[in-house]
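Below, read A as the first sequence line, B as the second, and so on, with proteins coming before strands; counting in each chain starts at 1. Heavy atoms only: backbone and side chains are in, while hydrogens, waters and symmetry mates are out.
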There are 2 protein chains.
Amino acid sequence: MKRSSKLSLALHALGHMAQEPARARTSEEIAAMHGTHAVVVRRVFAPLREAGILLSEKGHGGGWRLARPAAEISLADIYAAIGEPFLTATAFAPAPGHPCAIEAAMTETVSAAMVEAEAVIARHFAARTLADVAKVWGERAKSASHPTDSPL
Amino acid sequence: MKRSSKLSLALHALGHMAQEPARARTSEEIAAMHGTHAVVVRRVFAPLREAGILLSEKGHGGGWRLARPAAEISLADIYAAIGEPFLTATAFAPAPGHPCAIEAAMTETVSAAMVEAEAVIARHFAARTLADVAKVWGERAKSASHPTDSPL
DNA sequence: AGTCACGCAACTTATATAGTTACATGAAGC
DNA sequence: GCTTCATGTAACTATATAAGTTGCGTGACT
């Protein structure tokens, strides 16, 4: 397990959805596309719905749809909604049971580096929308890999 | 478990060692200082020894010592020797069993962001030596927290 | 010889996350 | 109104990763 992550699923799926925004996709469809389980898709998509990026509909013809044009959804929006940081925050639990100035100094330095790194990532993602990625896809893959937008 | 990490242990311990470089510390001592196990210390320190940052000696009076002055050991040296990246590389395993242009495009974007972020961290760490941190410690904690360099 | 400390391999335990099952809710079609 | 399809959610299982632990070997000092 754990061969993938929430963010990779979200980016992959929303990238596909940006290709044909009108059509709703079921969780099953998306799960098959990404090689995972429908419940996982719902779990990952729930915060995106709450963030106003996705809409979900029940019943016949239901499924998931982009809540606004792909050009108005940046990767940063998705990243922020997921809330799963790249940086392993586990790296610095404070000293167990006793304060230590040296450890504190180290933690400060590392934290500063992490904040900087996060800012870089945020900037990077903010500069790219789903539409940008869809465009790249359109330019390079008029070939055969994903004819229109079919799963698998 | 996993309340700490290799890097936090290394930085914490080497920070202390930089305070009094002449004295060798046993793995037990360091483990007590960081609230972990001596074997874990040896495991984490092994690559630092191979990288020429630490020296280890067996027998009476043995233990660990800095291989060179604290001013010549940057945090980047330690970070590189540990080889444990901050950025969760798990985030992007490729598509399971089938290529997908969209996923590839997303992966490229994310990878580029990660490379940038890594560079920021590397630069940040390269600019700080163990001696710098020891100095910070010396300036702020002439008080009581760690009288000389005692564990706990 | 005896003790101390690292070196290393193997095993155990803890945790996080993906995967799965099960059931409830609501919407469309008949 | 009943069935079908789809999401919503909680609970459970499986697995991968990393820390913690044990045991034994080796070298060095007394």
Side chain of [X] - closest among [options]:
X: A/Glu84; options: D/dG8, C/dA18, C/dC6; result: C/dA18
X: A/Val40; options: C/dT20, D/dA6, D/dT21; result: C/dT20
X: A/His37; options: D/dT7, D/dT21, C/dT21; result: C/dT21
X: B/Arg42; options: C/dT20, C/dG26, C/dG7; result: C/dG7
X: A/Ser5; options: D/dT7, D/dG25, C/dA18; result: C/dA18
X: B/Val39; options: C/dA9, D/dT7, C/dA5; result: C/dA9
X: A/Thr26; options: D/dA6, C/dG19, C/dC6; result: D/dA6
X: A/His60; options: D/dC5, D/dA10, C/dA9; result: D/dC5

Is it true that a side-chain atom of [X] and a backbone atom of [Y] form a donor plus acceptor pair closer than 3.5 Å?
X: B/Arg128; Y: B/His124; value: yes
X: B/His37; Y: B/Val39; value: yes
X: A/Arg25; Y: A/Arg23; value: yes

Original post:
With a 3.5 Å cut-off and just heavy-atom distances, do the side chain of A/Arg43 and the base of C/dT20 make a donor-acceptor pair?
Top reply: yes
Original post:
Could a donor-acceptor pair under 3.5 angstrom be found where the side chain of A/Arg49 meets the base of D/dG8?
Top reply: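 Checked by distance alone, the answer is no.
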Original post:
So what does A/Gly63 hit on the nucleic acid, given a heavy-atom distance under 4.0 Å: a base, only sugar-phosphate, or nothing?
Top reply: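 A/Gly63: backbone/sugar contact only, no base atoms under 4.0 Å.
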**OP:** Pick base, sugar-phosphate or nothing for A/Glu57, based on heavy-atom distances below 4.0 Å to the nucleic acid.
**Re:** sugar-phosphate
[X] has an atom [atom1]; how far is it from atom [atom2] of [N], in whole Å?
X: B/Trp64; N: D/dG27; atom1: CH2; atom2: P; answer: 16 Å
X: B/Leu48; N: C/dG7; atom1: CG; atom2: C1'; answer: 15 Å
X: B/Lys6; N: D/dG20; atom1: NZ; atom2: P; answer: 12 Å
X: B/Glu28; N: C/dG7; atom1: CD; atom2: P; answer: 13 Å
X: B/Phe45; N: C/dA5; atom1: CZ; atom2: C1'; answer: 14 Å
X: A/Ile82; N: C/dA18; atom1: CD1; atom2: P; answer: 10 Å
X: A/Leu54; N: D/dA6; atom1: CG; atom2: P; answer: 17 Å
X: B/Glu29; N: C/dC6; atom1: CD; atom2: C1'; answer: 14 Å

**OP:** Would you check if B/Thr26 and B/Val41 make a side-chain contact, meaning some heavy-atom pair closer than 4.5 Å?
**Re:**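 Not in contact.
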Subject >> B/Trp64 side chain near B/Leu48 side chain, heavy-atom distance below 4.5 Å >> reply: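 In short, these two side chains do not touch, never coming nearer than 4.5 Å.
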Original post:
Can you find a side chain N or O atom of A/Ser27 that sits less than 4.0 Å from OP1 or OP2 on D/dA6?
Top reply: no
Original post:
Can you find a side chain N or O atom of B/Thr36 that sits less than 4.0 Å from OP1 or OP2 on D/dA19?
Top reply: no
Subject >> Pairwise distance OH(A/Tyr79) to NZ(A/Lys6) - rounded to 0.5 angstrom >> reply: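 It comes to 12.5 Å.
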**OP:** Using the closest heavy atom to pick a nucleotide of DNA chain C for each, name whichever of A/Lys58 or A/Gly61 lands nearer the 5' end.
**Re:** A/Lys58
Original post:
When the nearest nucleotide of DNA chain C is assigned to B/Glu50 and to A/Ala38 on a heavy-atom basis, which residue is associated with the more 5' position?
Top reply: B/Glu50
